[in-house]
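Numbers restart at 1 for each chain; the letters A, B, ... are given by sequence-line order, proteins then strands. Being a predicted model, the structure only gives us computed values, none of them experimental.
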2 protein chains.
Amino acid sequence: MPATGEQDDLVQDIIEEPATYSDAVLSSDDEVCVRYSSQSDTNNSSFYQTATKKLASFESLPNREHHEDFIKKCAEILIREAVFEGTNRKNRVLQWNSPEELQKLMDFTLRTSPSSHDELLDLLRNTVNYSVKTGHPYFVNQLFSSLDPYGLVGQWATDALNPSVYTYEVSPVFTLMEEVVLREMRTIVGFEGGRGDGIFCPGGSIANGYAISCARHKFQPEIKATASVTNLLKNIANIILLLLQTKGLHSLPRLVLFTSEDAHYSIKKLSSFLGIGTDNVYLIRTDDRGRMDPSHLIQEIERALAEGGAPFMVSATAGTTVIGAFDPIDQIADICEKYNLWLHVDAAWGGGALMSSKHRSLLKGIERADSVTWNPHKLLTAPQQCSTLLLRHEGLLSETHSTHAAYLFQKDKFYDTKFDTGTKKFNGDKHIQCGRRADVLKFWFMWKAKGTLGFEKHINKVFDNAKFFADSIRNRVGFEMLIDQPECTNVCFWYIPESLRNAKQDSDYKERLHKVAPKIKERMMKEGSMMVTYQAQKSHPNFFRIVFQSSGLDRADMLHLIEEFERLGRDL
Amino acid sequence: MPATGEQDDLVQDIIEEPATYSDAVLSSDDEVCVRYSSQSDTNNSSFYQTATKKLASFESLPNREHHEDFIKKCAEILIREAVFEGTNRKNRVLQWNSPEELQKLMDFTLRTSPSSHDELLDLLRNTVNYSVKTGHPYFVNQLFSSLDPYGLVGQWATDALNPSVYTYEVSPVFTLMEEVVLREMRTIVGFEGGRGDGIFCPGGSIANGYAISCARHKFQPEIKATASVTNLLKNIANIILLLLQTKGLHSLPRLVLFTSEDAHYSIKKLSSFLGIGTDNVYLIRTDDRGRMDPSHLIQEIERALAEGGAPFMVSATAGTTVIGAFDPIDQIADICEKYNLWLHVDAAWGGGALMSSKHRSLLKGIERADSVTWNPHKLLTAPQQCSTLLLRHEGLLSETHSTHAAYLFQKDKFYDTKFDTGTKKFNGDKHIQCGRRADVLKFWFMWKAKGTLGFEKHINKVFDNAKFFADSIRNRVGFEMLIDQPECTNVCFWYIPESLRNAKQDSDYKERLHKVAPKIKERMMKEGSMMVTYQAQKSHPNFFRIVFQSSGLDRADMLHLIEEFERLGRDL
């Protein structure tokens, strides 16, 4: 249909290269739909395009003329102010404002009408300005920190590609990357030949939830197979497994799992979420260094059995949240073998130590685990979030979680569908998520950038930093350690102001000491000079837990941080 | 401690501004730890810094000298190749390679030694090159698409700040943003005064899981209160609720939930994960437009009751995955009221329509829901992932999921802790996740950029596109629609090649038609000219489901896509 006179005027008005179009359709008053001849596209001899007089700023497609300069300016602001200034020791970790103040300083309100690019640039600057700089060397507050430059590039690339890892078809690169990274991680854990299975999860808590789910699925009540009747019993077991998945827990005996009293709260939380109930998470005592007591574990398993409960799982921790303790995995594995229990190791925090030949003995026995949670976003400083669950068993994730959605996992695809559904290897249907971010690229890119050797050096350096910090405060006046020889890079300690140093015998000493950490914390937050968390635990009054996982820190930083505590707390 | 002669040489060798340092400690052979005097830092009169001869490339801290140029180059590549070229109609949606081919084209292997910056730039280019361009206008394959320029900037900012939204203290800006955005979304849903609760979740499946978890927690078995004994029964109910959380499901009756046979698979999947069992998800029939049949729902509730089961929840769908149908929420709400069931609305896909006064009647009655899943990353094109669960009830998320981790939620903080633990409003302990990405910034930034009005125009445009597409193929030779009047922006249809057009009466017609879509899909993938998914459903042979959610598409694109089907399928 050739353009009418009116349309033709509009076309002349709008189109840059009028010579190339062959016909036009008027779409609306200020829009014209033009059929072009294409040079660059080898497949189509012609294609339609709509030309618009006014740019519609609501549109969800990048437009070079309208957006290129804006996006570049934003990237510049981020690189300058967040990446480099935000991680510069000379700047603050944060600029503290109470919620009420912050609401006045920054316009959070959502409005009917759009904002200009200049207004948006201001909002972006404010967002950076008022956010805590978690990549700052003196943000030692959490089990994550750092702003790894290669990880950042990986994240930015992920965002620019905006994938969702369903199937090979939609995410070819990320599917293969996941396979390579997870296999390598399994190899490092020590699963034979890197075999087994694995997934990326949105955080360690959910990874632990997957582990509980798999363990429950695999649980075979009342079957104690002898070698001779294995096959027969396997068939019976399969029927029971099927019932378990489809019938729900109300038809089951009371499942019981075991973890230490210092384990991460997600074990309880996810047990509740999965319908197991927090009462059925039996907490095992820890020793004076925070490690699970194997003899108490045996007692509690026996108690659960005597009560008629059904023990099915032990979750050992490699690197506890507060103290950084490593449970004795080998001993626990022996107990799990004896009682036929699933052994999960929550190495969300401590897993990174596996990459160092010097420190990996902390996790001795982990290769005997049925499942392992390991978060590269913690000790290995991959950007948020990068969490994995690794399994020694092939196929179980899929058996436990698949529903075979027809609209994703078509069986008549033109390529070998083992790459997204057929086998355990590339199975897109083993997640409880449907859409899923590609959390692998950033970590893979870091691995490429640093090499396995780089990760080893990184781990050695952060452990060295923590040791140097602990050695420096151990006998320093005003410092007292919670645990003399920390196993991981968490160092827990009290700072004792001068006024309290001779008051240890006083009846209110603990009470007074308990108030010190919150006061120091308030001062450090308001000055923005560093961020270190504190907490009470058991009968201990509030103590600080400083955590090192950035290899950008060094011994000078350790000394600086120690002096900061003295400066902030001396006069309390 | 003043520097020794040897150290002094090293210091002179390394330090840029030797005048400013006051003393130095040798850390290792090529490292020196220097105490500087600071000018810019107002709090510290001096600080330590380590100077290093050789830059350690494994370090997790950005170093201007080493990284600035590299990061800028990476950003340039991404802006040019992924953002603009990747969304340009003249380029391909993807460059197809089989998994085996791709493994040869790109070096996925992880090595011991690091890669150079040049090698990394190549890997980055390859990653972009071989990835599917989900922001390309002709990626109409999934319930997400687009590369919104403002959303992208929001993601990049999130990454540069690398937050984890635990508490106000660690994420002040993001905590307040979440509050503003969730309240506004609740207002749009129609919850009175925007009150209630809400969370950002890693995907709609997990949001649906939260809904089931909350519904289960609130479930009050065998209590049919009359007004006069309400208070007494409330006390009993509270005890039962507590037991439910702590005792686990084995102590409960068989819980039953209801959803339509066309609902998303996550309802079954998460029911299994939560221990309810897939058998206890009763699937309700849909009508010929894919909507839940309320009379069948009543029948099934009655059946469950007759069987001694305990119905506790109905999950209605607003925008089904394949057909895009909207269940009749008002009618379902009446039934839920009658039987005292939790009403969840899975509006992960269709929720965006609430932002248009023209289309929001599709979700009439949603304000009566107890909970709503709504994913801005779908119809509103926020980047992956941005999913929310919104609740009409305050406090329930926290009651259901809190464990009160002492190391995060200290009670003696110096600021008003209602902003992270105290109230329902800013409660950090209502998630099953611990660490959590700030998924809010990108969406908030888009909202600021476009205004609510911009979102309305966006929704109107994508619905208009879908209607135009449907109107254009309805009577076009070679096309047949699955549903004549699609409710959402999914259009399901068959393309019927010439060879089949007169074969409708043949006994093998369905079988032959079933093979057409996979063949067309293969051709489009190999050419990379567009991506549209297909599937079979019930007795229907394979049909295409094209999905529109990018407002960067227009009527010209609709015509182009239609002609593409003809070009690819005509000769089959």
Side-chain angles (χ1 to χ4, degrees), chain A residues 27 33 40 48 50 58-62 67 74-75 78 82 90 99 108 112-115 131 146 148-149 153 155 159-161 173 180 202-203 205 246-249 265 275-277 279 381 403 405 407 412 414 419 433-434 448 450-452 454 457-458 518 522 535 551-552 554-556 560, chain B residues 27 33 40 48 50 58-62 67 74-75 78 82 90 99 108 112-115 131 146 148-149 153 155 159-161 173 180 202-203 205 246-249 265 275-277 279 381 403 405 407 412 414 419 433-434 448 450-452 454 457-458 518 522 535 551-552 554-556 560:
Chain A
S27 287
C33 176
S40 60
Y48 285 103
T50 296
F58 66 82
E59 284 180 3
S60 55
L61 190 68
H67 295 124
C74 291
L78 293 173
K90 293 185 184 169
F108 287 93
T112 309
S113 54
S115 308
S131 285
S146 299
D148 187 88
V153 167
Q155 284 274 60
D159 298 339
L161 294 164
V173 175
V180 169
S205 294
T246 57
K247 295 296 173 197
L249 287 188
Y265 69 75
I276 287 167
D279 273 6
T381 73
T403 49
Y407 74 94
D412 44 11
F414 66 93
F419 285 92
Q433 294 183 283
C434 176
K448 280 286 194 184
K450 296 158 197 260
T452 312
K457 285 182 183 169
H458 163 87
E522 178 175 358
Q535 72 154 90
S551 50
D554 50 42
R555 293 180 172 198
H560 168 76
Chain B
S27 289
C33 176
S40 61
Y48 286 104
T50 297
F58 65 84
E59 285 180 4
S60 54
L61 190 67
H67 296 124
C74 290
L78 293 174
K90 292 183 185 171
F108 288 92
T112 310
S113 54
S115 307
S131 285
S146 298
D148 187 88
V153 167
Q155 283 275 59
D159 298 338
L161 293 164
V173 174
V180 168
S205 294
T246 57
K247 295 296 173 196
L249 288 189
Y265 68 77
I276 288 167
D279 273 7
T381 71
T403 48
Y407 74 95
D412 44 11
F414 66 93
F419 285 92
Q433 293 183 283
C434 176
K448 281 285 193 184
K450 295 158 196 261
T452 312
K457 285 182 184 169
H458 164 86
E522 177 174 358
Q535 72 154 92
S551 50
D554 50 42
R555 294 181 173 197
H560 168 77

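In terms of heavy-atom pairs under 4.5 angstrom with chain A, the leader among B:Ala82, B:Ser551, B:Ser131 is B:Ser551. Interface check for chain B: of the options A:Leu78, A:Val153, A:Thr112, the most heavy-atom pairs under 4.5 Å are formed by A:Thr112. Ranked by heavy-atom pairs shorter than 4.5 Å toward chain A, the options B:Gly203, B:Pro62, B:Ser205 are led by B:Pro62. When each of A:Pro518, A:Gly454, A:Ala160, A:Ala75 is checked for heavy-atom pairs under 4.5 Å with chain B, A:Ala160 comes out on top. Contact count against chain A (heavy-atom pairs under 4.5 Å) is highest for B:Pro149 among B:Gly552, B:Cys74, B:Pro149, B:Ser115.
Summarising the geometry of A:Pro202 relative to B:Gln433, their closest heavy-atom pair is O-NE2, 2.8 Å, with the distance given to 0.1 Å. In plain terms, the two heavy atoms of B:Phe108 and A:Val173 that are nearest each other are CE2-O, 3.5 Å. B:Glu59 approaches A:Lys450 most closely through the heavy-atom pair O-NZ, 3.6 Å.
How far OG of B:Ser146 is from CG of A:Leu61: 7.0 Å, rounded to the nearest 0.5 Å. Atom CG of residue A:Asp148 and atom NE2 of residue B:His67 lie 7.5 Å apart, to the nearest 0.5 angstrom.
With a threshold of 4.5 angstrom between heavy atoms, B:Ser113 approaches chain A through N, CA, C or O but not through any side-chain atom.
Annotation: A:Lys457, atom NZ; neighbour count of heavy atoms from other residues, nucleotides and ligands within 6.0 Å does not exceed 12.
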